[in-house]
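Just below is one structure, and these are the notes that go with it.
Side chains included, hydrogens not; waters and symmetry mates left out as well; all remaining heavy atoms used.
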Amino acid sequence: MKLMNKIFASKFWWLLLLAGLFVINFLASQFHARFDLTKEKRYTLSKATRSLVKGLEDDVQIDVFLKGEFPSGFRKLANTTKEFLGLLKDINGSKVHYRFISPLDEMPDGIRSWEDTLTKLGAISINLKVQRKEGETSNYIYPVALMSYKNKQALINLLPGASRNLSQTDINTAEALLEYQFLKTLDKITQERKPGIAYAIGNGEPVDGRTYKLRTALQDEYDFRIADLKNQSKISDSVSLLMLVKPTEQFTEEQKIKIDQYVMNGGKLLCFIDNLYAEMDSFALKPETIAYDRNLNLTDLLFKYGIRINTDLIMDLQCDVNYLMVGGTPSAPQTEFLPWNYFPFVVSPDNKSAFTTPGYIGLRFANSIDTIASTNVRKTPLLVTSPNSRTISTPAVISLNENQVLPEHEKFKRNAIPVAMLLEGKLTSLYANRLLKPQLDKLDSAGIRFKNISDNNKMIVVADGDLVLNEFLPEFTESGEVNTELPPRPIEMGWNRFTYGEYLLKGDAGKYFMPTANRDFLLNCVEYLVNNPAISETRNKDIVLRLLDSKKVEAQKSTWQLINIALPVLLVILFGWLYQQLRKRKYAA
């Protein structure tokens, strides 16, 4: 106190005050501190984000195209994005740079606008019609960001599932996914080489146009290649993930050893397997077929890892429709769109797993999965059926006549039947202590180091081979007729070609079309298995939407108006009166 009194008694106290303020501002500009008091830690970045941003070797430029006159929803998204990018810059201010740009602005070359570049990069705009005095105008909004690093560019979608009518829930979801979207893109753009993904062949796997969407979904961000299990002596060490997609022929022991030791040595496995033969082509000549075991010879291998794909078929009341003949004659058939319980719509369970996929996943003649007790392996269901499902055992007779009458709902009582499973932990080899010396020598000559048990590893098994395959839709003329001059085009994996065709033609049955999220599920599986798992975990960030209780607001409206408006005025008057009374007493003498 004595020091303070001397300072203020000095002639130059104001200079000392200015110097003190300057020092305080300088320290505040150099050292930042942030305390996240929110329950869900919405302003706290994950360790993976902090580590990746701190380790940047070069500058990263982020251009956000949310600048201009926008509706309130887009302004809120822009402000949230700016806050998040500010957090990134606080971690590594010398390497992280960002700016907000209008899509209508010219690029540095002065020739093109940013809008032209964004369109070529695949950005999808949202056309908002704004009513003004001079009439209705169109305002195109690009809710995207462009990330640049070492002559590489990547587009970031800030608003997944964008639409014209933004709800508070849509904004809330977009804000929760901001860290995941930026971190995933930054991780991929900073990698020196793409992870290798091998599509296994040699056991009747599809290699025709049905895999078109699968290949196009993966080949841009991964080194996609073919692995011939029949002719190749081993699976290459450069392959990070091996895919088994709908094999139809039996696996030999030699092939299984290759797969097994690939997994034991750290390779990731992603399986889409149909355990039963059940195809819609079987109904071409007669109205019924029998589903039977394919006998792929994979049961013992998967059993050793901790799961079993059952020889049954899943039926679900939550299902897709099929275009079926319900009467008439072969020359004049009567057809209708009817629910087909063998085409279930499954969802990600609410179990806070490593990742979830919003929306429905469409399956075709899927099987159920059981888990086997194993101490070192953790099993997490990734896809489950609805509460109104059931299974039927083989030999199962499937008849198109089943749809002529409504299903007996009391039989559909099972809930959350698993159809996709994530296995994590130390997997044990099927061939542990079983191989003879000649077999071990053969593996050594092929460059395969035999292991009885793996280090911490992970794999995903899905009991449906059609999940990642696509169908084809013919091109139509303006009158709605099939254009025979153009070849059919592939549609997204899991989409129903009949209902999608009706949707494009604006037919009555277009209401049955369900844009399933099969592609998203595939990409989520690959990202979790191949990329840094800490990145996938940022998808689980949940920002709670705390809305006011409308009933309480209406009932207590007058009370809170008095508290917020009248009470402050009364408090000022009260303190003023008390101050005057104290002055009167003090100076009354």
Test: Asp223 and Arg225 ion pair at under 4.0 Å: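 Arg225 and Asp223: salt-bridged.
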Lys/Arg N to Asp/Glu carboxylate O, Lys188 vs Glu527, below 4.0 Å: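 Judged by the 4.0 Å cut-off on N to carboxylate O distance, Lys188 and Glu527 do form a salt bridge.
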For [X], give me all partners under side-chain hydrogen bond (donor to acceptor under 3.5 Å, both in side chains), at least two apart in sequence or on another chain.
X: Tyr342; value: Glu402
X: Arg519; value: none
X: Asp464; value: none
X: Lys304; value: none

Test item: side-chain donor near acceptor, Asp260 and Ser429, under 3.5 Å: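 Yes - a donor-acceptor pair under 3.5 Å links their side chains.
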Ring pair (Phe, Tyr, Trp, His ring centres under 6.0 Å) with Tyr512: which residues, sequence neighbours excluded?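 For Tyr512, no residue satisfies ring pair (Phe, Tyr, Trp, His ring centres under 6.0 Å) once neighbours in sequence are set aside.
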Just to verify, what does Tyr305 make a ring pair (Phe, Tyr, Trp, His ring centres under 6.0 Å) with, not counting sequence neighbours?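 Here no residue qualifies.
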Set of salt bridge (charged side-chain N to carboxylate O under 4.0 Å, His left out) partners for Lys194, sequence neighbours left out: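 Partners of Lys194 under the salt bridge (charged side-chain N to carboxylate O under 4.0 Å, His left out) test: none.
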Taking salt bridge (charged side-chain N to carboxylate O under 4.0 Å, His left out) as the test, write out the residues that go with Asp208, two or more places apart.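 Expected list: Arg210.
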Salt bridge (Lys or Arg N to Asp or Glu O under 4.0 Å) pairs, two or more places apart, involving [range]:
range: residues 480-490; result: Glu475-Arg489
range: residues 362-385; result: Arg308-Asp370, Asp320-Arg364, Arg378-Glu424
range: residues 264-277; result: Lys246-Asp274

When you compare the side chain of [Y] with that of [X], does any pair of heavy atoms fall below 4.5 Å?
X: Met264; Y: Tyr431; value: no
X: Phe251; Y: Ile259; value: yes
X: Phe343; Y: Val321; value: no
X: Asn275; Y: Arg294; value: no

Please output the side-chain donor-acceptor pairs of residues 413-422 that fall under 3.5 Å, not counting sequence neighbours, one pair per line with the distance.
residue	atom	partner	partner atom	Å
Arg414	NH1	Thr391	OG1	3.4

If the plane angle is over 60° it's perpendicular, under 30° parallel, otherwise tilted; pick one for [X] and [Y].
X: Tyr277; Y: Tyr292; answer: parallel
X: Trp495; Y: Phe513; answer: perpendicular
X: Tyr503; Y: Tyr500; answer: parallel

Could you tell me if the ring centre of Tyr212 sits under 6.0 Å from that of Phe472?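 No, ring centres 6.0 Å or more apart.
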Could you tell me whether Tyr142 and Phe65 have their ring centroids closer than 6.0 angstrom?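 Judged by ring-centre distance (under 6.0 Å), Tyr142 and Phe65 do not meet the cut-off.
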Under 6.0 Å from the OH atom of Tyr360, do we count more than 12 heavy atoms belonging to anything else shown?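 For Tyr360, atom OH is not crowded (no more than 12 foreign heavy atoms under 6.0 Å).
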